[in-house]
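Below is one structure, written out as structure tokens, with a few remarks after it.
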Amino acid sequence: MSPPKAATLFLLLFFLLLLSSTTTSNAHNITRLLAKYPQFSTFNHYLTTTHLASQINRRQTITVLALDNTAMSSLLAKHYSLYTLKNIISLHVLVDYFGSKKLHRISKGSTLTSTMFQATGTAPGTSGYVNITNLKGGKVGFGAEDNEGKLDATFVKSIKEIPYNISIVQISHALNSPEAEAPTAAPSQLNLTEIMSKQGCKAFADLLTASGADDKFNENMDAGLTVFCPTDSAVKGFMPKYKNLTASKKVSLLLYHGIPVFMSLQMLKTNNGVMNTLATDGANSYDFSVSNEDEVVSLDTTVVTAKVLGILKEEEPLIVFKINKVLMPKELFKPVVAKEANAPEADAPADSEPADAEDNTNGVQGLGGGRLVMLVLSLWIGILLI
């Protein structure tokens, strides 16, 4: 290989490595990061309980104003409801990056920044904003904008910084905000079967109701629930097999379409592997594997492989995906080793469509920009090596 060609190859390999590292650097998990610090265990617990953790993990740029166990004890002593606590804690999550250096060098000495409480749309005016001000002696003060200009807390220390992705800093006290602390009613109860019926999954919803399996889905909703709903055409094609099952096996099959945790589309893409389901019970694993290729998420039961077509509903703690086939567990059906060329696909038609265009873009996308560039670079390297 000539020196110029070798140099070009080296530069391309270096750029490819750099691109690979930058495309994966945005991932973070707030609960894992805080788990290393037991003094923040209560705060970490409520990030999970209120479902704020998953919202934080989905954002690429975020700053968390963490409260230690002592500060959290003072907050919990006021006996707020869980939904009010969610508003208060969301006020402590800034939707911008503030590392220690940036906090101590605020332009003009003071700034207002938006929070996740503001992003919910429930905070009127600027009540969801936090005032950050540089004080004498190198201190940094924090206060909710709707708290009459009072700075309730000060910067204690930086816990973890991943520039410019996530910053976790400790502050001395919880921020006081009349709007965030206002009594908050529980959100209206989500009706799972009604949601599915209106979005092209009425046949599956009817099966849930008729079998009584919908009760199990509803029991798990508050703690987090992911549902994979086959299209009406998929259920129609599968009905001859469904009718041959006993009542208990029908329930197991239906429960097999639910995961007892909230899993966004991005979480499914980054957490490939085996997933337990609502039907999982000891030795009866009733699990399936999640994988993605070219942004398309697939569910493999070893009997059938279904594709995620789109999202019917995403409102934590519930998310409902539309899939193109009925999931058939290996506990009830014989696994397929090699699919015969002329074997009929009675379980589902292949031409099922998403509910709408938005669902389609959520479920089936082309190559991402980073992957496309990496593919092109790989082809160039192959040509150079010839």
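- Distance alone, capped at 3.5 Å, places no donor-acceptor pair between the Lys307 side chain and the Val296 backbone.
- Using a 3.5 Å distance cut-off with no hydrogens or angles, the side chains of Asn87 and Thr184 do pair a donor with an acceptor.
- Within the structure, ring pair (Phe, Tyr, Trp, His ring centres under 6.0 Å) contacts touching residues 99-126 (residues at least two apart or in different chains) are His104-Phe155.
- With a 6.0 Å radius and a threshold of 12 heavy atoms from other residues, nucleotides or ligands, Arg105 has its CZ atom at or below the threshold.
- Under the 4.5 Å side-chain heavy-atom criterion for grouping Ile, Leu, Val, Met, Phe, Trp and Tyr, Leu135 is not connected to Leu175 through any hydrophobic cluster.
- Note that the SG atom of Cys229 and the NZ atom of Lys202 stand 12.0 Å from one another [nearest 0.5 Å].
- Residues Asn131 and Thr133 have side chains that bring a donor and an acceptor to within less than 3.5 angstrom of each other.
- Two rings, from His257 and Phe204, have their centers less than 6.0 Å apart.
- Of the residues Asn272, Val274, Thr302, Thr305, the one that meets the side chain to side chain contact (heavy atoms under 4.5 Å, CB included) test with Ser289 is Val274.
- Of the possible donor and acceptor atoms, none in the side chain of Ser158 sits under 3.5 Å from a partner among the backbone N and O of Ser100.
- No donor-acceptor distance shorter than 3.5 angstrom exists from the side chain of Lys313 to the backbone of Gln199, with no hydrogens or angles considered.
- The nearest pair of heavy atoms linking Gln55 to Lys86 is NE2-NZ, 3.6 Å.
- Shown here for Ser211 and Leu254, the closest heavy-atom pair between the two residues is OG-CD1, 3.0 Å.
- Between Phe40 and Tyr37, the ring planes are perpendicular. Angles over 60° get that label, and only those under 30° would be called parallel.
- Of the possible donor and acceptor atoms, one in the side chain of Ser177 sits under 3.5 Å from a partner among the backbone N and O of Ala180.
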| task | Output, in order, the C-alpha distance, side-chain angles, deciding distance and verdict of salt bridge (Lys or Arg N to Asp or Glu O under 4.0 Å) for Lys236 and Asp232. | result | CA-CA 6 Å; Lys236 181 179 179 180; Asp232 285 344; over 6 Å; no
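- A ring pair (Phe, Tyr, Trp, His ring centres under 6.0 Å) check over residues 280-301, counting only residues at least two apart or in different chains, returns the pairs Phe228-Phe288, Tyr256-Phe288.
- Separation of atoms NZ (Lys325) and OG1 (Thr231) is listed at 11.0 Å; rounding is to 0.5 Å.
- Cation-pi contact between Lys78 and Tyr80: absent, since separation from the ring centre below 6.0 Å together with deviation from the ring axis within 45° is not met.
- For the atom pair CD1 (Ile319) and CD (Glu314), the distance works out to 4.0 Å, reported to the nearest 0.5 Å.
- To the nearest 0.5 Å, atoms CD1 (Ile30) and OG (Ser54) are separated by 12.0 Å.
- Among all heavy-atom pairs drawn from Ile159 and Ala66, the shortest one is CD1-CB, 4.0 Å.
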| message | Determine whether Asp287 and Lys330 satisfy the following criterion, salt bridge (Lys or Arg N to Asp or Glu O under 4.0 Å), listing intermediate values before the conclusion. | response | CA-CA 9 Å; Asp287 54 25; Lys330 59 184 179 296; 3.0 Å; yes
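- Separating the CD1 atom in Ile171 from the CG atom in Leu151 is a distance of 11.0 Å, to the nearest 0.5 Å.
- Counting only distance, with no hydrogens or angles, the side chain of Asn134 and the backbone of Val140 share no donor-acceptor pair below 3.5 Å.
- Counting heavy atoms from C-beta on, the side chains of Tyr164 and Thr61 never come closer than 4.5 Å.
- Hydrophobic clustering keeps Leu112 apart from Leu91 (ILVMFWY residues linked when any side-chain heavy atoms are closer than 4.5 Å, directly or through intermediates).
- Atom CG of Asn244 and atom NZ of Lys250 lie 8.5 Å apart (nearest 0.5 Å).
- One N or O on the side chain of Thr63 and one on the backbone of Phe98 form a donor-acceptor pair closer than 3.5 Å.
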